[in-house]
Amino acid sequence: MKKNIYAICVGLPITLIFVISVAAHAAWISSFDHFFQGVVRSIPNLQGLMLKITFLASPKMDLVWMLLIAVILWLKKRRPLSLNIVVTLISADALGWVIKHVISRARPIQHLAQDDGYSFPSGHVLGMSIILIWLMMVLLPQVMENKTAKFWLSVLMIVWLVIVMYSRVYVYAHYPSDVCGSVAIALMWVGVVQLIMTKIDERLEK
């Protein structure tokens, strides 16, 4: 319960800051994006690798990863957890779609033709963030007792998430503020969904 509230308390304010600032075209957002775009693009000749990474984290692939996890959990008789990840990711995708169309932020001018639609938030980063944060917050604490193993698995997942964020900015699909805002939305949403599902479970047990 506490970790869900903590996720909301951290994710919600950051989400609001990015959403309001992007919608209002705040000056600090332009400076933030310009600086980190320069940092990301400072390493040349990574386009091919970044496109492969961005494919592995595409919304369609996120659904594949979600279904794979859900099926494994279902077969392992962990059906509430199986349903949990499906609800969390599908509802997050719906939330991301609504925010995209409310903000209606255009993508960077240099974006690839395949990256159409609006820019904020990043669907790739939002989906991957939901899966990884869910694994760290919900699944690992229930299936793994070794704290050292949990720590290093979490580190690896965070590193992968950063790589995905990097890839989306590198190929000009998104601004840095898009990917950072997406992680904040995901953190908040995992907390919200888990809090709701915990309350539902408590009511059903009464």
Side-chain angles (χ1 to χ4, degrees), residues 3-43 46-47 50-51 53-54 57-60 62 87-134 136-137 158 160-196:
K3 62 186 175 184
N4 298 329
I5 295 173
Y6 179 77
I8 297 169
C9 289
V10 173
L12 179 57
I14 298 174
T15 294
L16 291 175
I17 289 170
F18 274 105
V19 168
I20 294 170
S21 297
V22 169
H25 306 286
W28 79 267
I29 285 286
S30 297
S31 300
F32 179 91
D33 288 335
H34 179 75
F35 174 79
F36 282 105
Q37 278 179 323
V39 171
V40 168
R41 294 293 303 186
S42 64
I43 304 176
L46 293 179
Q47 186 83 355
M50 293 298 108
L51 287 174
I53 291 169
T54 202
S58 64
K60 290 180 180 178
D62 288 339
V87 170
T88 305
L89 181 62
I90 297 301
S91 61
D93 284 344
L95 176 65
W97 186 90
V98 170
I99 295 174
K100 266 183 182 289
H101 287 79
V102 169
I103 301 297
S104 300
R105 186 186 200 186
R107 290 184 187 268
I109 296 174
Q110 308 95 319
H111 75 86
L112 301 175
Q114 65 201 48
D115 292 315
D116 56 358
Y118 296 122
S119 191
F120 183 92
S122 164
H124 287 66
V125 176
L126 178 60
M128 186 54 64
S129 297
I130 287 289
I131 291 172
L132 296 178
I133 292 171
W134 186 89
M136 288 185 281
M137 278 183 56
I158 291 169
W160 171 246
L161 179 57
V162 171
I163 291 172
V164 172
M165 295 168 69
Y166 187 97
S167 73
R168 295 307 285 159
V169 175
Y170 194 93
V171 300
Y172 294 112
H174 292 283
Y175 295 100
S177 54
D178 296 334
V179 297
C180 292
S182 300
V183 175
I185 293 169
L187 180 62
M188 172 201 70
W189 195 247
V190 172
V192 167
V193 174
Q194 300 318 306
L195 195 61
I196 292 171

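As a basis for the values below, the full set of heavy atoms in this structure was taken, side chains included, without hydrogen atoms, waters or symmetry mates.
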*Mind checking whether Val179 and Tyr166 have side chains closer than 4.5 Å, heavy atoms only?*
no

*Nearest-0.5 Å distance that lies between atom CD1 in Ile8 and atom CG in Asn4*: 6.5 Å

*Mind checking the CH2-CG spacing from Trp134 to Leu187? Nearest 0.5 Å is all I need.*
16.0 Å

*Mind checking whether Met188 and Leu95 have side chains closer than 4.5 Å, heavy atoms only?*
yes

*asked:* Applying the side chain to side chain contact (heavy atoms under 4.5 Å, CB included) criterion to Ile185, which one of Ile14, Leu126, Val125 satisfies it?
replied: Leu126

*asked:* Return the CD1 to OG distance between Ile99 and Ser104, rounded to the nearest 0.5 Å.
replied: 12.0 Å

*For Val22, which residues count as a side chain to side chain contact (heavy atoms under 4.5 Å, CB included) partner, sequence neighbours excluded?*
Ile29, Ile103, Arg105, Phe120, Ser177

*Do side-chain atoms of Ser182 reach the backbone of Ser122 as a donor and acceptor pair under 3.5 angstrom?*
yes

*Does a side-chain heavy-atom distance below 4.5 Å link Leu161 with Ser129?*
yes

*With side chains defined as the heavy atoms from C-beta onward, is the minimum distance between Phe36 and Cys180 less than 4.5 Å?*
no

*Supply the atom-to-atom distance Ile53 CD1 to Leu46 CG, rounded to the nearest 0.5 angstrom.*
8.5 Å

*What closest approach, in Å, do Lys3 and Met137 show between heavy atoms, and which atom pair accounts for it?*
NZ-O, 2.5 Å

*Would you say Thr15's side chain and Ala184's backbone share a donor-acceptor pair under 3.5 angstrom?*
yes

*asked:* Can you tell me which residue among Gln47, Arg107, Arg41, Gln37 is in a side chain to side chain donor-acceptor pair (under 3.5 Å) with Tyr172?
replied: Arg41

*Name the orientation class of the two ring planes belonging to His101 and Tyr118 (parallel below 30°, tilted from 30 to 60°, perpendicular beyond 60°).*
perpendicular

*asked:* Donor-acceptor check, side chain of Ser42 to backbone of Val39, threshold 3.5 angstrom: yes or no?
replied: yes

*asked:* Is any side-chain heavy atom of Asp93 closer than 4.5 Å to one of Pro59?
replied: no

_Donor-acceptor pair, side chain of Asp178 and main chain of Tyr175, under 3.5 angstrom_ = yes

*Taking all heavy atoms of Leu89 and all of Asp62, pick out the closest pair and write down the distance.*
CD2-O, 3.8 Å

